[in-house]
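Report on the structure given below.
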Amino acid sequence: MWAGGPAMPSPGDPQAEPTIGKAMNGGYDLLEAKCNRCDRVSLVRLRALRQPRETPVWKLEAAL
């Protein structure tokens, strides 16, 4: 999501699947979300999200 590509990982890609909990444990407090339509950028506090900590970060795209 943060690299400008699709948020959802491609099937079979050997990459880590970051979750909300892993991001917070790694010291990340904020998630940067950019609207594809109007290009507005917002910062979202990870602790304020009402999703389980096991939720993959890419699944947040529809909710944001």
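Values below: all heavy atoms of this structure, side chains included; hydrogens, waters and symmetry mates excluded. The residues of the chain are indexed from 1 along the displayed sequence.
Placement of Met24 and Val44 within a single hydrophobic cluster is found when ILVMFWY residues are connected by side-chain heavy-atom separations under 4.5 Å, directly or transitively.
Taken from OG in Ser42 to CG in Leu31, the straight-line distance is 10.0 Å, to the nearest 0.5 Å. Of the inter-residue distances, the one linking Arg47 atom CZ with Ile20 atom CD1 reads 11.5 Å to the nearest 0.5 angstrom.
Atom CG of Asn36 has 12 or fewer heavy atoms from other residues, nucleotides or ligands within 6.0 Å.
Test Asn25, Thr19, Leu46 against Arg53 for side chain to side chain contact (heavy atoms under 4.5 Å, CB included) and you get one pass: Asn25.
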